[in-house]
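A short write-up of the structure that comes next.
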Amino acid sequence: MEDVKWLGFDWEDRLFFASDYFDQMYEYAVQLVKAGKAYVDDLSAEEISAYRGTLTTPGRNSPYRDRSVEENLDLLERMRKGEFANGEKVLRAKIDMAHPNMNMRDPVMYRILHAAHHRTGNKWCIYPTYDWAHGLEDSIERITHSLCTLEFENHRPLYDWFLDELGVYHPQQIEFARLNLTYMVMSKRMLKELVEEGYVRGWDDPRLPTICGMRRRGYSPTAIRNFCKRIGVSKVNSIIPFELLEHCVREDLNKTAPRFMGVLHPLKVVIENYPEGKVEEMEAINNPEDPAAGTRKVPFSRELYIEQSDFMENPPKKFYRLAPGREVRFRYAYFVTCTDVIKENDEVVELRCTVDPETRGGDAPDGRKVKSTIHWVSASHAVDAEVRLYDKLFTVEDPAGRKGRDFKEFLNPNSLTTLTSCKVEPAVRNLKPFDRFQFERLGYFCIDPDTTAERLVINRTVELRDTWAKIQKKLKR
RNA sequence: UGGGAGAUCGGCUAAUGGUAGGCCGGCAGGCUCUGGACCUGCUAGUGGGGGUUCGAAUCCCUCUCUCCCAGCCA
């Protein structure tokens with residue numbers, strides 16, 4: 001309920017429980033028995049199943065089907081009173097054991113369950129089945145339309161039958177296709193399995209399509225609602241590309257998320273012509289899409305970190321970022337030229353660079369241009385953070401639809417990557433759990449509730465669209 | 001093989017007898033202190049066959065394919 005509210009819905013004082021209608025439902029059952037439309041059956045569950053027939057062959061009548069109204073009334077009353085054990089008797093609708101729709105072959109209405117109910121306690125030991133209760137709740141609440149998913153289409157004739165036989169207010173049941181996402185499972189049963197067997201960290205694991213999971217991942221209510229609007233509602237069984245959801249998330253977050261700088265895979269940079277101990281506060285725009293978001297100060301100093309992937313010693317043609325001898329812009333700071341590369345065992349461990357003091361703020365007075373702008377953080381001011389990167393939970397588009405295969409076979413072993421040596425600008429430390437923001441050039445992120453005074457934990461919601469990654473793929477081909 | 005439901009660009013979705021449109025993706029270009037965002041253009045579809053009609057995605061017939069149903073689950 002909390003999740004639904006977070007999504008932006010409010011049912012005001014209209015929170016209803018089926019169990020509030022148990023008395024009324026029982027009265028309705030008595031009414032059907034009196035009309036000769038329901039009977040108490042002594043058959044066991046297995047026997048009922050055997051008597052039901054199959055999809056292509058009709059069922060047989062139960063030997064108890066023709067009990068008198070008086071006997072049925074008496075038996076039902078004694079079921080309610082608790083005179084029988086679980087499974088000993090059921091109340092069934094008397095419809096047609098040869099009906100082509102299996103749901104119409106004398107469906108069970110009440111079964112005996114000696115169990116406490118979370119709202120009615122021990123008042124009842126017989127409980128209505130879904131098919132029996134569903135239409136009654138809708139009718140009692142006088143709703144106009146009852147929406148449900150496609151698999152209940154076969155149940156609509158029964159929904160209609162109960163209401164018509166009772167002669168009560170008759171809402172209309174309308175079915176629609178459930179939402180499916182690529183590389184995901186959506187069924188409660190499967191999600192429960194993932195949670196309970198520890199394949200994910202809980203119902204709010206950011207890899208799950210649960211509302212609390214998406215919230216923890218950093219998806220906004222607006223994004224989720226826009227997504228739902230965009231995909232529409234229909235009766236066609238379809239699978240929506242996960243990428244469309246991500247698109248909607250980016251679309252909203254681009255407009256609303258404040259920007260920060262953070263380095264996921266740090267590479268140390270020393271600015272040789274920048275004095276030791278000097279610190280400058282560079283002015284940065286919080287959100288270029290929203291001038292009202294204002295600006296902030298970001299400290300710049302002699303020792304910085306940049307992203308490892310923003311430097312290449314031997315850059316290919318279309319690589320615009322930092323390389324030996326090349327000048328790029330450090331966002332909101334200076335034009336920086338790489339003068340030297342320090343390596344240990346063939347691995348680049350540090351860059352020596354120089355700044356052009358004339359370019360403070362990020363523009364050259366002589367009008368010269370650079371091919372790219374990269375992000376950075378000041379080494380001495382940086383805050384350490386753990387960043388969790390999420391990838392698709394499954395390796396195939398439709399893990400639930402692989403006939404004869406367990407969906408868990410397709411779990412992506414790399415759906416979670418934890419980075420522990422990330423360096424982020426100091427202002428990020430002021431954010432609260434669930435706050436959403438962008439690390440410039442990297443993607444959208446949010447503060448994970450695992451964050452404590454000692455530990456900053458950040459979830460990556462979704463990457464920015466990455467044109468460079470696309471070019472790289474092309475180059476490989 | 002009984003019953004129910006469905007089929008429109010690569011994906012999703014509009015058009016209910018009158019110009020097959022939108023979004024996402026993809027491709028090409030523009031712009032840019034985020035290779036982001038934004039802007040422009042292009043791409044591409046009515047499952048097959050027959051019929052009714054001046055005119056069919058839409059109505060009729062037929063075929064094909066897909067999904068759901070044999071819980072005292074929901």
Side-chain angles (χ1 to χ4, degrees), chain A residues 41 43-46 48-59 86-92 98-105 107-113 126-134 148-157 175 177 179 182 188-189 226-227 229-241 243-248 250-251 253-255 259 261 284-285 287-289 310 318-321 328-333 335 359 361-364 369-375 397 401 438-444 463-472:
Chain A
D41 196 351
L43 254 28
S44 69
E46 296 72 36
I48 287 180
S49 177
Y51 273 72
R52 189 156 26 226
T54 70
L55 292 177
T56 50
T57 59
N86 288 355
E88 205 174 315
K89 288 180 172 22
V90 290
L91 181 72
R92 299 177 71 178
H99 199 106
N101 181 339
M102 302 284 289
N103 294 126
M104 300 297 272
R105 319 242 261 230
V108 171
M109 296 162 61
Y110 275 105
R111 72 281 221 193
I112 299 168
L113 239 49
I126 59 171
Y127 291 99
T129 56
Y130 165 85
D131 280 318
W132 169 236
H134 183 206
C148 60
T149 44
L150 248 29
E151 63 268 30
F152 294 102
E153 274 174 332
N154 294 321
H155 296 246
R156 179 151 36 90
E175 309 84 11
L179 166 57
T182 55
K188 267 179 282 177
R189 196 207 97 221
N226 285 346
F227 169 72
K229 264 181 219 153
R230 207 167 296 207
I231 62 178
V233 178
S234 74
K235 298 190 69 159
V236 186
N237 266 308
S238 57
I239 307 185
I240 312 291
E243 291 76 8
L244 180 57
L245 175 57
E246 294 194 318
H247 168 85
C248 294
R250 288 192 194 101
E251 183 181 53
L253 263 28
N254 174 51
K255 284 181 274 188
R259 268 114 242 233
M261 292 197 283
I285 295 166
N287 185 349
E289 305 292 321
D310 282 340
K318 299 221 167 159
F319 185 86
Y320 300 148
R321 283 110 93 145
V328 300
R329 173 167 36 233
F330 276 32
R331 181 140 232 229
Y332 299 125
F335 282 15
T359 59
D363 283 303
K369 300 284 182 200
V370 286
K371 285 277 247 188
S372 77
T373 299
I374 66 172
H375 60 276
E397 284 200 356
Q438 181 192 107
F439 273 141
E440 296 222 13
R441 304 210 304 132
L442 296 179
Y444 296 98
E463 289 177 89
L464 254 29
R465 272 186 65 217
D466 192 346
T467 313
W468 169 235
K470 249 186 228 170
I471 294 170
Q472 276 178 308

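Here is how names work: the chains are called A, B, and so on, in the same order as the sequence lines, proteins then strands, and each is numbered from 1. Both backbone and side-chain heavy atoms feed into the values below; hydrogens, waters and symmetry mates do not.
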The criterion is side-chain hydrogen bond (donor to acceptor under 3.5 Å, both in side chains); which residues satisfy it with [X], sequence neighbours excluded?
X: A:R105; result: none
X: A:E289; result: none
X: A:R250; result: none
X: A:R441; result: A:D310, A:H375

Is there a donor-acceptor contact under 3.5 Å from the side chain of A:N287 to the main chain of A:K255?
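Checked: pair present.
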
Would you indicate what [X] reaches in the nucleic acid, counting non-hydrogen atoms under 4.0 angstrom: base, sugar-phosphate, or nothing?
X: A:P288; value: base
X: A:R321; value: base
X: A:Y127; value: nothing
X: A:V370; value: nothing
X: A:T467; value: sugar-phosphate
X: A:F439; value: nothing

Can you tell me how far [atom1] in [N] sits from the matching atom in [M], rounded to whole Å?
N: B:G45; M: B:C9; atom1: P; answer: 9 Å
N: B:G17; M: B:C27; atom1: C1'; answer: 37 Å
N: B:G4; M: B:A70; atom1: C1'; answer: 14 Å
N: B:U34; M: B:G25; atom1: C1'; answer: 23 Å
N: B:G55; M: B:C63; atom1: P; answer: 26 Å
N: B:G36; M: B:G30; atom1: P; answer: 13 Å
N: B:U46; M: B:U16; atom1: C1'; answer: 14 Å
N: B:G6; M: B:C72; atom1: C1'; answer: 31 Å

What are the two closest heavy atoms between [X] and [Y], and how far apart are they?
X: A:R259; Y: A:L253; value: NH2-O, 3.6 Å
X: A:D363; Y: A:R329; value: OD1-NH1, 4.2 Å
X: A:S372; Y: A:Y320; value: OG-O, 3.0 Å

Got a list of protein N/O to nucleotides 40-48 of chain B N/O distances below 3.5 Å?
none

Letter by letter from the 5' end, nucleotides 67-74 of chain B scores (B base, S sugar-phosphate only, - none; protein heavy atoms under 4.0 Å) SBBBSBSB

Pairing string of RNA chain B (Watson-Crick or G-U wobble, both atom distances under 3.5 Å; | = paired to other strand) is .((((((..((((....[..))))((((((.......))))))...(((((..]....))))))))))).....

Measure from [atom1] on [X] to [atom2] on [N] and round the result to the nearest Å.
X: A:I285; N: B:A37; atom1: CD1; atom2: C1'; value: 13 Å
X: A:D363; N: B:U32; atom1: CG; atom2: C1'; value: 12 Å
X: A:D466; N: B:G26; atom1: CG; atom2: C1'; value: 17 Å
X: A:I240; N: B:G11; atom1: CD1; atom2: P; value: 12 Å

- request: Let me know which of A:R92, A:R52, A:R111 forms a salt bridge (Lys or Arg N to Asp or Glu O under 4.0 Å) with A:D41.
  value: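 Filter result, single survivor: A:R92.
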
Would you mind telling me which of B:G6, B:G36, B:G35 lies closest to the side-chain atoms of A:V236?
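Of the candidates, B:G6 comes closest.
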
Would you tabulate the pairs of protein nitrogen or oxygen atoms and nucleotide nitrogen or oxygen atoms of nucleotides 20-25 of chain B closer than 3.5 angstrom?
| residue | atom | partner | partner atom | Å |
| --- | --- | --- | --- | --- |
| B:C23 | O2' | A:R230 | NH1 | 3.2 |

Exercise. Not counting sequence neighbours, which residues clear salt bridge (Lys or Arg N to Asp or Glu O under 4.0 Å) with A:R156? List them please.
Key: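 Result, salt bridge (Lys or Arg N to Asp or Glu O under 4.0 Å) vs A:R156: A:E175.
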
Which is it for B:G71, anti or syn, if anything within 90° of zero counts as syn?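 The base of B:G71 is oriented syn (glycosidic angle within 90° of 0).
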
Can you list the residues that meet the ring pair (Phe, Tyr, Trp, His ring centres under 6.0 Å) rule with [X], with sequence neighbours excluded?
X: A:F319; result: A:W468
X: A:H134; result: A:Y130, A:Y159
X: A:Y444; result: none

message: Quick check on RNA chain B: between A:K318 and A:G232, whose nearest nucleotide comes earlier from the 5' end?
response: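 On the 5' side of the pair lies A:G232.
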
Just N and O in the side chain of A:T56: are any of them under 4.0 Å from OP1 or OP2 of B:U1?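 It does not, given that no N or O in the side chain of A:T56 lies less than 4.0 Å from OP1 or OP2 of B:U1.
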
Tell me whether the count of non-hydrogen atoms from other residues, nucleotides or ligands lying under 6.0 Å of NZ in A:K235 goes above 12.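 Result for NZ/A:K235: enclosed.
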
- Task: Test for a donor-acceptor pair under 3.5 Å between the base of B:G36 and the side chain of A:E289, counting only N and O atoms.
- Result: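 In this structure, the two groups form a donor-acceptor pair.
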
